[in-house]
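Structure first, then comments.
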Amino acid sequence: MPEKHAFLSASASHRWLECTPSAMLENNLPDTTSEFAKEGTEAHKLAEKKLNSWIKSGKKSSRFKALDGEMQECTDSYRDYVIEVFNEEKAKTSDAQLLIEQKLDFSRWVPDGFGTGDAVIIGDDTLHVIDLKYGKGVKVDAVGNTQARLYAAGAMDTFGMLYDFRKVKVHIYQPRIDNISTADYTVGELEKWMEKEVKPKAELAIKGEGEQKPGDWCKFCKVRGNCVARMKANTDSLKQTGFANEPGLLTQEQIEQALPILDEIISWAKDLQQYALDQALEGVKFRGFKVVEGRSNRKVLDEPGLIEALHKMEYGDDVIMTKPKLETITNLEKRIGKKLFTGIAMPYIGKPKGKPTLVPESDKRPEYDSAETDFADELGGK
Ligand code: SF4
């Protein structure tokens, strides 16, 4: 379940364990949310209801409504998986326990560190922490996953005084891509990792100290667009190809050296551009640059209306349709004639506002949201 953010959150742990100053650099910057995150929250709420209902009644209820069929199926299969793990432990000891939405406190090692275990099962000699992941964009592996390990350590610390388990098993259940991944730890292994690795890094992170180290973990860092270390790493990696040493054309060897680093360089350059655009929209002026309305394409806003209007003018489906859809605007213009088509289609076609874009000042387009743009809009555009 997504947690409320602690300064050193489990979900960002991969980042602050690798780049300890990142937590301080990101602090106070707003969280961004997405449709995917909202969907994940809904799925977790539904899964929680289904499991609690089973715990109370011993029956798998079908009375809970889901946003869609996929969510219904996925939360059913997650519930069944949790019940299956629980029943396996129950077969070993009748004292086995199933807890839903448990706070897992790992603040013994990380100041204010906590997470929420979607399902925790306390068995005979094994404690299970099951994490439902509703996303499907990235396959999540339990092995080596620092968030899962912190949850495991939190569960170990929360229940270790009361129960006599020696092992902790973390389960990642990611139903939309049929991914079930598990990792096993002994209590000793987790203790050691938390003491030797996590605690010292958390102490640095909380003070904003340590090495600012770029890597895969920059991808979701809030300062990825304006981070000096990331810019340096990318420009250094380009220099290492040796391109600056001699004039002329790139050698095959230099291209081979450049190819593996291009994805990261492109991603960093886009992040930097986005950061500059966001700042410019906040009113920051970058010398030689301005914000303009980006390009956009014409769109048919009322397709049935346009089809009817074209039929009235006796244009058949053989001319205007590309099965089962209306032809593109460009093709319709070609077939009917630009002027005639514009006369018929004007009421049904529009041009969405282009996204703001940062461009050199020499660009001919007027500044975004300037009086000129507003005036042009009132006149129906230039
Ligand atoms: S962008 Fe990368 S290097 Fe920079 S602070 Fe964030 S995690 Fe560290």
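Whatever order the structure lists them in is the order used to number ligands and atoms, beginning at 1. Note that the structure is predicted; figures quoted are calculated from it, not measured.
Between K312 and E308, at least one side-chain N (NZ, or NE/NH1/NH2) sits under 4.0 Å from a carboxylate O, which counts as a salt bridge. A salt bridge does not link K192 to E189: none of the charged nitrogens lies less than 4.0 Å from a carboxylate oxygen. Note on K290 versus E361: no salt bridge recorded, every NZ/NE/NH1/NH2 to OD/OE distance being 4.0 Å or above. At a threshold of 4.0 Å, the pair R149-E197 does not count as salt-bridged, since none of the basic side-chain nitrogens sits closer than that to a carboxylate oxygen.
Between Y78 and Y173, the ring-plane angle classifies as tilted under the 30° and 60° cut-offs.
Per-residue contacts place K213 under 4.0 angstrom from the following atoms of ligand 1 (heavy atoms of the residue considered): 3 (S).
Judged by the 6.0 Å distance and 45° axis criteria, K50 is not positioned over the aromatic ring of F64.
Distances from atom 6 (Fe) of ligand 1 under 2.8 Å pick out these protein N/O/S atoms: C221 SG.
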